Each structure stands twice: as structure tokens, then as C-alpha cells.
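These numbers come from a predicted model, not from an experiment. We use all heavy atoms of the structure for the numbers below, so side chains are in, but hydrogens, waters and symmetry mates are not. Just so it is clear: chains get the letters A, B, ... in the order the sequence lines come, proteins before strands, and each one is counted from 1.
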Amino acid sequence: MITFMNNSDSEEEPCNERTSLMSAESPPVPSYQDGLPASEAGEPQAHRKRRTGSSRSPNNIADGDMSDSGVPVRESALENEEEELTLKYGAKHVIMLFVPVTLCMIVVVATIKSVRFYTEKNGQLIYTPFSEDTPSVGQRLLNSVLNTIIMISVIVVMTVFLVLLYKYRCYKFIHGWLILSSLMLLFLFTYIYLGEVLKTYNVAMDYPTLFLVIWNFGAVGMICIHWKGPLQLQQAYLIMISALMALVFIKYLPEWSAWVILGAISIYDLMAVLCPKGPLRMLVETAQERNEPIFPALIYSSAMMWTVGMAKPDTAARGPSQQMWDAEDGRENHRSPSHADSQMSETRSPIPTRPITSFEELEEEERGVKLGLGDFIFYSVLVGKAAATASGDWNTTLACFVAILIGLCLTLLLLAVFKKALPALPISITFGLVFYFSTDNLVRPFMDTLASHQLYI
Amino acid sequence: AFFWLVSLLLSSLIWFIAVKASDPRDEPLQKGLLIFGVMFSVLLQEAFRFLYYKLLRKAIEGLVALSEDGCSPISIQQMAYVAGVGFGLMSGAFSMINLLADALGPGTVGIHGDSQLYFLTSAFMTMVLIFLHTFWGILFFHGCEHRRWWEITAVVVMHLAVSGSTFCNPLYVGSLVPSYLLMAAAAAWAYLLSGGSAQNLRRFLLCK
């Protein structure tokens, strides 16, 4: 399904929305270490107790006391170890996520500041039909709210559709949809982007070279994202497609609608992930029931996918849009020959439904954190819009950048505390929006006046 | 960095309200308000440094409680240094980045009768401020750790002095020279507090 936009040059917009976001963390090591020394009988009990214990504050050892006599001492020791390891690896995970988010934002800001194309108004998406060129403020506000409602409902409908597809195991459909959308992103949007960049720097390029470059870029990208490839190359491609998508959003969303949409989508993310009937939560639970690992092509993961996939079932990971399911499935099939060699697959099979499987050989550093690509996209949209529309002020962009990173930090901290899937958007976007509006309106006149008198604070 | 940003936000909020509430044509009043804004901002920055110290203290206590051998993986001195660098970088970035962006474009410096050395002096001033923030971070945290209030007040007074000296601009000798002297003093002080000594320095320089 490709839809065409009305008043613009014929640009196609994929109707898959990479919007649901969550950051995920594979379960910390101690939960696996638990399985090893404990006996089979004691283990599920200890595991259960620990889960209830870990959801409370780390110092609350009293929970452990409620269990059997043999368990409490081990409980407290395990809990401490678990918390410490969580915190230690939490810090590493934060850095592992800072780098790609920063890179994506840098690419977006650099493009916005240099290439005129992305700040020109050339029409709107059909998802935001109401124009903002209205005479009165009230009318403009109303139009932006209506645009937001339409956009969010499109997103909700597609998410629910994907959840249904996943539930009824229509993997081929999801797979096809996913391939089509990444095809379009990798080829068409890259072509347009490259064209605009070359135009800006007045570099001539002939069609055969262009064709060769884009063909190679796109083909390698498809392979890396949907199949196997070096981890860093896959990460680089994911960052690039997030940046491209964010640029499209920045160009085609009208001003006020963009801000209202950012706010609304973080609320939606919060609800979709945390409410019991939320589509994303149902997605995670279905995936966990079926013991299927969650996915590759639309989640950015900072560690090797296959190890995380094997370790998983219990991980709190969520995909931005459910097209990932299918790619994951496809990936699984590709991966199974390689799994045959590893020891772990053998040990996996006799352990059918236990939510946590023990892995002896997995190193800690191979577990990474996962962040949905929709998160990347919306963070970059916020920073890019700040760069584009904040009266040419770099301070605002910088302030939004810091705010988003701090929000990400806090989200990861909460993730370490709660140990389940959490929406990555709300905190960061809230901070980002607050800082954008306040820096633009309050800090800018202050700093400008200070700079003109050359005063320093 | 985040804490510095929040303090900047609050201080500019105060200044903005004050400006909006006052008469825009009254020049001396505007200048007075600006000075008040600057002083208030300095005090707020130091207050936020203190808050940040409290937060880091709690974090270290948590880490120590959880670690196996009773000592935390990162010491309070390292945190002081990092906090100082964060504050400094953020303040430096906010001071310089618009200047740098404008410097890329066309124009003549000081064409309306202002100083021609604007960019140079801004660069030096920013640099000295960044260093100062780093040293103040170390001094401040050390003072909080050992409950030496005079150290904390010294930091605040120094900050006020440096900001106040910029009021002499464009008479640059009045602002740059004292700032650099203060920076040298703060550097020596912070070095001594962190356990350095003249002997260490000599050994380091002679590569023994």
C-alpha cells in the first residue's frame, strides 16, 4: 500500500509507521545465574520470589524473608548482586544508546542547517490534510489539533492491524510489508536526499554513477537489516534510515501540528505500552507466550542480535511497529542453521516453557539494550524542528539535545528499576518540548542581550 | 550540564519577567536589570551545583551499599571533576556557539564602533570560564565533603567576581586579566586539594 500525497511532488509515503517505541533491556545476568546453582525444585520458587522482590526497592530484603527458610539468605545476596550488576551494566547501556541517538541527531541537524530543501514548505502529507495558513490563531490551533487526531488515529489503526496480523500468524504479509517499506526508504528517500545534497553543494553527478551508488547502498542495506550483516553496519543503516524518516517528517509536517503530534505521540506511547489492553503490550505478551524472540529490522540493538534472541524470551523488548515481527521470523529461519552449531540450542530445546532460560556461556557484554527506531525518529524530529524553526539559534538545538539525552538516561534508569518494557518517548519528549519552548522564548533574549554587552554569567 | 541548563532557564525566566514588567525605554534601568539578572544567575548556578552535589552524594551512597567490597567504582573527586567539566562545557557552549555560527558568515567585526577584538576576547573569556567551572567544581565538592563552608563561599565569591569583571567590557584588561589570575589561583588550589604537590608536578614534568 503506497499512498500519494496531494500537493507535493509525487513523493510516496509508506503507511507503516515506525512509531511505537520502547527501550528494552535483556534480563540482567543474575537472573540467569540464579538458575545455575539452584536446584530444579527451588529454582522456580526462588525465581518467583526474586521477581516480586526486585520490583520493589533494592533494600527491601523483607520480601525474601517471606519465603522458605533455605531461600532468604540467598535471596538477599542475589538481590544485591542483581541490583549492582544492573547498575553497572546500566551505565554501559546508557553510553551504548547515547552514541547512536547523538549520531542520528547530528545527521539530521547538519542536513537541516545546510540543505534548504528540508525547510521549504512543499505541501503536506495526506495524513495532515488541514493547512496551517489560516488568518487567525484559533483556526490554526484547531487545524493542528485536527491534524494530530488524524495522524494518531492512523497510527493506532495500523498498530492494531499489525497486532492482529501477528496474533493470527500472517507472517508472510508482515514480512512483505516490511520489505516493501524498507525498500522504499533505502532507495527512494536516499535518492531524493542525495539529489538535494548534491544540489546544495553544486556537485555534478551523472546518472550511471548515481545508479551504481544507490543500488549498492540499497542492496547492502536490505541485506544488513533483514538478514545477516556486521553489527556495526546494521546499526549504521538503522541510524541512516531513522534520519531519513525524521527528515521527511520535518519537511512535511506543518509547524504547530508537528509539536502537537510530538506531544500526542508520547502520550499514546505511554498508554500503548503500559495499559493492559494496549496494542504494544499485547504484542510483547504474545511474543513471550510463543517464546519468540523479538526483533531485528525495526529495533536498534546495541549487541549481537542472535545472542539476545536466544537469551530472551522474557525480555522486555518492544518493537516500534509490528512489521518487525515478520522480519524477525524470517531472520529466525536464517539463523537456525547457525544455531545448530552452538551449544545453547541443544540446551534450549528440553527446557520448554520456562520464562527464563539459563545460559552458561553468554557473556554479559553481549547483552545490549534495545531501542525502537521510532524513538530515534521522533527524537530527531524534535531536535531537527528545533534547529529549523528556532530563529536560527543553536542554543535551542543544544538545549533540546541535552534534554532528550537526560530523558533517555532517566528512562534507562527506570528500566533498570522496573525491568520490563517501558516507553522511551514520554520523558524525553516532555523534557525536549519544555526546553525548546522555554529556551526559545526565555533564554534566547537573555543570552542575546548578554552577548551584545559581552557579559558572562 | 543538565543542571546548569536548568539554572540558566530559571534565571532567564526571572530576568524576562523583570524586563517585561519594566519600562523598555529606560536605559539605566535596563542595564541595572541586566546586572541584577547576571548576579542572580550566578547565585542560581551555584545553588544548582550544590543540588547536584546532593544528588551525586546519594548516588554514591547507593553504589557503595550495593558493591561487594564497600567502595564505589567512582570516587567523589572524579564526580566533582566531571560535574565541573559538565557545567563548564555547557556554559561555554551556550556562550560561544552562536558566535561561531555567525563567524562563519559574512561581516565585519566592530563596524559600528565596537571593539575589533570581539571574537578573540570572547574566545579567551569562554575558555577561562570553562576552566574555572572545572576548578570550582572540584573546590565546591571538596568543601561540601569536608564541611568547609569557607571554601564554598570562596567559590561563590570568585564566580561573582569573574562575572562582575565582565561588566568592564570592552575594557578588556579589566576582565580578562583578573579572570586569568583567578583561574591560576583556583587551578593551584584545586590541584593541591586533589592530592598534588610541587614535588609531584616536578616529577611529572621531568618524566621520572
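Taking both residues in full, the closest heavy atoms of B:A93 and A:N395 are given as O-OD1, 4.2 Å, listed atom of the first, atom of the second, then distance.
Counted within 6.0 Å of OH on B:Y118, heavy atoms from surrounding residues, nucleotides or ligands total more than 12; the atom is thus considered enclosed.
For B:M39, no part sits under 4.5 Å from any heavy atom of chain A, backbone or side chain.
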### Query
Between B:L100 and A:W394, does a side chain to side chain contact (heavy atoms under 4.5 Å, CB included) hold up when you go through it step by step?
CA-CA 10 Å; B:L100 288 172; A:W394 283 88; over 6 Å; no

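Residue-level contacts of residues 151-162 of chain B with chain A, in order of numbering, are B:H159; threshold 4.5 Å between heavy atoms. Using a 4.5 Å heavy-atom cut-off against chain A, the contacting residues of residues 119-134 of chain B are B:T121, B:S122, B:M125, B:T126, B:L129.
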